[in-house]
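Given the structure is predicted, the values throughout are model-derived calculations rather than measurements. The figures here come from the full heavy-atom set of this structure, side chains too, leaving out hydrogens, waters and symmetry mates. In this chain, residues are counted from 1 in sequence order.
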Amino acid sequence: YTGAYVTAAALAVIGLAAAGIALIWGLSQFWYYVSLTVRMGLACGLLLLTQIGVGAAMFQERQGSLVAEGVALVSISAGM
């Protein structure tokens, strides 16, 4: 029975990987037709949300804590 479970697990992993690739491809095809104005609006909205998160961490007096450093790291990497 072990061989059957390993085969089923391998097929499940391959199927999920193929589904993920198809999803990313589909989203990229959709994103191509989104107007530049909407893209910029989404980018500005994401930037605003990350800055609000950083500000909230700072105002809660968490500077120097592990949570605040994580929030800053995520904000910096999202801005790149």
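Through chains of ILVMFWY side-chain contacts below 4.5 Å, V34 is grouped with F30, W31, V38, L42. Hydrophobic side-chain contacts under 4.5 Å tie M40 into a cluster, directly or through other members, with L36.
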Solution key, residues 11-29 side-chain donor-acceptor pairs under 3.5 Å, sequence neighbours excluded:
| from | atom 1 | to | atom 2 | distance (Å) |
| --- | --- | --- | --- | --- |
| S28 | OG | I24 | O | 3.4 |
| S28 | OG | W25 | O | 2.7 |

